[in-house]
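Computed from heavy atoms alone, side chains included, the values below leave out hydrogens, waters and symmetry copies.
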Amino acid sequence: MFPILAARLLAPGIHEFVVQAPRVARKARPGHFVVIRVDEKGERIPLTLADWDAEAGTITLVVQEVGYSTRLMGQLAAGDALQDVLGPLGTAPPIEKVGTIIGVGGGVGVAPLYPRIRGYKQAGNRVVAIAGARSRDLLIMVDRLRECSDELHLATDDGSVGHHGFVSQVLEKLLDSGVRPAEVLAIGPVPMMRAVVEVTRPRGIPTTVSLNALMVDGTGMCGGCRVSVGGVTRFTCVDGPEFDGLQVDFAELQQRLQQYRSQEKLAADPAQRKEACRCLEQLTAPSFRG
Amino acid sequence: MPGAADRAKLPRVEMPKQDPRQRARNFSEVALGFTPELAQTEAGRCLNCRNHPCVDGCPVNVPIPEFIALIVQGDFLGAAQKIKEKNSLPAICGRVCPQESQCEARCVWGKKGKPIAIGGLERFVADWEREHAPQAPPSVPAACESPRRGVRVAVVGSGPAGLTAAADLARLGYSVTVFETLHAPGGVLRYGIPEFRLPKGILDHEIEYLKSLGVAIETDVAVGLTVGLDELHHREGYQAIFVGTGAGLPSLLNIPGENANGVYSANEYLTRVNLMKAYRFPEYATPVRIGHKVAVVGAGNVAMDAARTALRLGADDVCIVYRRSRQEMPARHEEIVNAEEEGIRFHLLSNPVRILAGSDGWVQGMVCQRMELGEPDASGRRRPVPVPGSEFTLDVDLVIVAIGQGPNPILTRHTPGLQLDRHGCIVTDADGRTSLPYVWAGGDIVTGAATVIAAMGAGKRAARAMDAYLCSTVLAGQRAGVSEGRG
Ligand SMILES: Cc1cc2nc3c(=O)[nH]c(=O)nc-3n(C[C@H](O)[C@H](O)[C@H](O)COP(=O)(O)OP(=O)(O)OC[C@H]3O[C@@H](n4cnc5c(N)ncnc54)[C@H](O)[C@@H]3O)c2cc1C
Ligand SMILES: Cc1cc2nc3c(=O)[nH]c(=O)nc-3n(C[C@H](O)[C@H](O)[C@H](O)COP(=O)(O)OP(=O)(O)OC[C@H]3O[C@@H](n4cnc5c(N)ncnc54)[C@H](O)[C@@H]3O)c2cc1C
Ligand code: SF4
Ligand code: SF4
Ligand code: FES
């Protein structure tokens with residue numbers, strides 16, 4: 001069991017947890033993620049390290065409620081515990097001094113972006129951060145981003161703060177105004193990362209994206225997280241999650257994220273879930289179909 | 001007791017099984033086990049051969065005639081202990097060993113086509129012991145007299161190799177910790193082999209027994225990522241380490257359409273069902289796609305397990321697609337027969353060339369090519385070659401790829417100085433010693449995908465070698481310290 005030492009709400013439906021996981025904290029680097037299980041019957045879900053403290057033996061996770069497991073996690077408070085925390089997983093690419101970096105974060109993607117751009121800043125780069133969300137109250141970690149960037153731009157879909165529109169539009173404006181980054185790093189929902197790549201590709205700017213494929217083990221054992229990058233199949237959990245965004249087959253990724261749509265709906269709806277569990281008890285073999 | 005000539009006329013006692021139609025829809029164990037009467041009848045057929053060819057067929061040399069003689073005498077407990085001198089997981093091996101190519105293949109009755117049911121008898125006495133008596137720890141021959149308590153030894157990976165090494169080291173008195181990546185121990189016995197072939201209660205029992213010996217199990221630790229071998233040794237004080245990380249890397253077909261929705265590796269499919277209990281979704285939160293028409297590519301144990309699991313989850317039609325012929329199928333004979341009885345169909349001499357997906361991204365069919373067998377290849381099996389113009393399409397909505405596994409790379413990728421062969425397997429000597437001074441290895445990570453009993457045997461050999469090493473280093477140092485103190 002991995003005790004939760006602190007829990008707070010960052011925005012509606014977005015929670016931050018400080019979890020005791022000394023082994024993970026000791027080895028963590030920007031870009032790493034963990035696989036957690038909330039309880040005995042839980043699924044294994046991947047979450048990026050938003051922060052860590054090797055001395056205190058703690059890690060910080062920022063979680064957005066989107067379905068059954070994340071909602072279950074959203075109900076936890078300090079004093080509760082996660083059943084399992086495995087990590088740190090994934091390749092954490094070395095951070096070097098390369099010049100200017102533009103970090104683009106969308107929605108809860110701002111959380112994993114934060115340690116990466118902090119790393120770039122510490123390595124002596126000029127860091128421009130662009131953070132976006134649907135509206136002002138969903139924009140998270142703005143102060144922390146400001147601390148570790150030279151320039152911070154905000155965008156909201158409804159215009160409640162910053163640019164009225166998408167982060168990719170802010171990026172486009174910056175590039176058109178003559179900013180020439182050595183690299184763009186984009187973390188967020190698939191459509192956002194896709195939009196960013198559409199901006200950077202014609203301009204020939206190296207672009208890294210962090211993919212959120214469905215995972216089970218997170219250690220390269222199942223291949224459920226496979227993605228096509230440059231026409232080659234890669235496993236997101238061990239070869240990524242960061243890949244060359246200009247090479248990623250986003251359409252395939254988007255499609256693979258839909259694989260359990262109907263089961264996810266069933267799992268997330270408490271009434272339906274209860275009904276299905278009861279049916280299950282009466283059957284020797286389950287009769288549902290995906 | 002009938003004489004040898006009469007015994008030759010006795011039929012082999014077949015183990016009772018669940019009715020095929022019924023069992024194809026439930027996850028309960030297929031083979032029901034011998035009753036004491038059946039076991040004794042079958043044991044009575046054994047000739048107690050002085051040169052015991054059967055023993056040479058067993059990778060760990062279980063004293064077969066001796067334990068069978070004890071069954072005849074009705075001393076089931078004694079028989080169990082006899083087996084455990086060589087094999088610490090008989091309830092598991094009795095169920096999953098490929099006996100027809102090992103012990104039973106060498107039995108003198110084999111020539112007449114009815115070898116003694118050695119595996120069935122082994123299973124019987126192990127189950128008897130589990131149900132009727134607490135497990136008595138068999139002793140392990142020790143390399144020296146020193147007290148080993150307090151000397152820390154680590155085992156990485158909790159498959160049969162790791163579990164066996166841990167048990168033997170604990171019985172010798174070492175303080176043993178097992179590290180496992182997944183949230184539950186057991187390796188393939190947990191996430192791969194399904195409940196209907198190996199009930200998880202048996203595995204749980206073995207793990208409880210290990211804990212009763214004082215073994216600590218730390219799950220959620222991916223050695224190499226969470227902590228390095230060097231850190232375990234230098235910082236955490238593990239004097240010797242056994243690595244049994246298995247062959248968990250799934251091979252894929254690398255054909256067009258393989259990333260369509262509804263194409264699984266067997267590892268993912270079986271892990272979702274066995275480890276994550278997706279067959280009890282939504283009570284357990286992990287979903288699995290069920291499918292109406294399922295094709296499983298491959299014909300090893302993994303493929304049979306995946307196909308029979310698909311059937312049990314409720315698929316209407318399940319077939320095996322295999323590029324060679326029946327004779328070359330690598331699965332255990334018994335499981336091929338079981339699969340057939342349950343209604344799995346076989347498309348032999350067929351090889352997938354591409355997977356078709358609909359506009360919604362889901363699998364809609366699989367195009368295959370007919371094959372014929374040519375000259376033998378490196379494995380000695382005849383090489384399949386495509387028949388030109390023989391493409392045909394299977395109407396399927398779920399594809400499971402079960403064409404083999406490579407060595408698990410997490411630990412090996414992150415351990416500098418550990419010598420690997422060109423396949424990525426760890427290189428060891430006969431005792432399991434690796435290129436790193438304090439590290440031993442065994443099981444599938446050394447041999448590539450093999451068998452439970454081979455992995456166990458490797459764990460046993462390594463435990464003995466590790467004990468000898470510790471006796472001549474750490475424990476020798478302690479002894480010297482003690483005698484100096486006295487002097
Ligand atoms: C490497 C990695 C790092 C991640 N880091 C974070 C993080 O720091 N914070 C965070 O809130 N989320 C993160 N995610 C996404 C998170 O894992 C999913 O939101 C979670 O698994 C959903 O589980 P659920 O049961 O709540 O929802 P489900 O019911 O399983 O799904 C609900 C909806 O979310 C979508 N979804 C499911 N799984 C994922 C996924 N893996 N990625 C994106 N969408 C998904 C589904 O398509 C579905 O539409 C990360 C994903 C990956 C692969
Ligand atoms: C579906 C299936 C059916 C099979 N059926 C049979 C059968 O009927 N008969 C038979 O004899 N054999 C069978 N086999 C093969 C047999 O199971 C294996 O040969 C055997 O399990 C190998 O044992 P092992 O201990 O070497 O590795 P494994 O059983 O693979 O265990 C390795 C363990 O190490 C863990 N691990 C990996 N890397 C790390 C790390 N870095 N840190 C910590 N832990 C790690 C893994 O999670 C795993 O739990 C089957 C295999 C499969 C997949
Ligand atoms: S361990 Fe396996 S091979 Fe050896 S005797 Fe038992 S069943 Fe036969
Ligand atoms: S070879 Fe067969 S008959 Fe002879 S001792 Fe072994 S099991 Fe018994
Ligand atoms: S999650 Fe299983 S291989 Fe990546």
Once you round to the nearest 0.5 Å, how far does OG of A/S262 lie from CZ of B/R289? 7.0 Å
Chain A contact via B/E218 - which portion, at a heavy-atom distance below 4.5 Å: side chain
Under 4.5 Å from a heavy atom of chain A, the part of B/Q405 involved: neither
Without hydrogens or angle criteria, can the side chains of A/D217 and B/T271 be said to hold a donor-acceptor pair below 3.5 Å? no
Determine yes or no for a side-chain-to-main-chain donor-acceptor pair under 3.5 angstrom, with B/N267 supplying the side chain and A/M221 the backbone. yes
Against chain A, work out which of B/K277, B/E231, B/R272 has the most heavy-atom pairs shorter than 4.5 Å and name it. B/R272
Engaged part of B/Y191 at the chain A interface, taking heavy atoms whose separation is under 4.5 Å: side chain
Pick whichever of B/P287, B/P409, B/S265, B/G361 has the most heavy-atom pairs under 4.5 Å with chain A. B/P287
Option among B/V221, B/L225, B/D220 that satisfies the side chain to side chain contact (heavy atoms under 4.5 Å, CB included) test with A/R23: B/V221
What part of B/Q22 gets within 4.5 angstrom of chain A, counting heavy atoms only: side chain, backbone, both, or neither? neither
Check whether B/N259 reaches the backbone of A/T233 with its side chain - one donor and one acceptor, N or O, closer than 3.5 Å. no
With a cut-off of 6.0 Å (strictly less than), are more than 12 heavy atoms of other residues, nucleotides or ligands near CZ of B/R152? yes
Part of B/L252 within contact of chain A (heavy atom distance under 4.5 Å): side chain
Salt-bridged, A/R226 to B/E258, with N to O below 4.0 Å? no
I need the minimum non-hydrogen distance between B/T226 and A/G87, along with the two atoms involved. OG1-O, 2.8 Å
Contact class of B/A260 relative to chain A, heavy atoms under 4.5 angstrom: backbone
If one checks every heavy atom of B/I410 against chain A at 4.5 Å, the contacting part turns out to be side chain
Counting only heavy atoms closer than 4.5 Å, note whether B/N254 contacts chain A via side chain, backbone, both or neither. neither
From CG (B/N261) to CD (A/Q255), nearest 0.5 Å: 5.5 Å
Could you look at A/V238 and say if it's the side chain, the backbone, both or neither that has a heavy atom under 4.5 Å from chain B? both
Which answer fits A/E252, side chain, backbone, both or neither, if we ask what part of it has an atom under 4.5 Å from a heavy atom of chain B? side chain
Evaluate the side-chain proximity of B/W362 to A/Q259: yes if any heavy-atom separation is below 4.5 Å, no if none is. yes
Hey, which of B/A266, B/A222, B/P250 has the most heavy atom pairs under 4.5 Å with chain A? B/P250
Taking atom NZ of A/K41 and atom CD of B/E283, what is their separation to the nearest 0.5 Å? 3.5 Å
Side chain A/R37, main chain B/H183, donor-acceptor under 3.5 Å: no
Backbone N/O of B/V288 and side chain of A/Q263: donor-acceptor pair under 3.5 Å: yes
Return the minimal non-hydrogen interatomic distance between A/E40 and B/Y284, and the atom names on each side. O-CE2, 4.2 Å
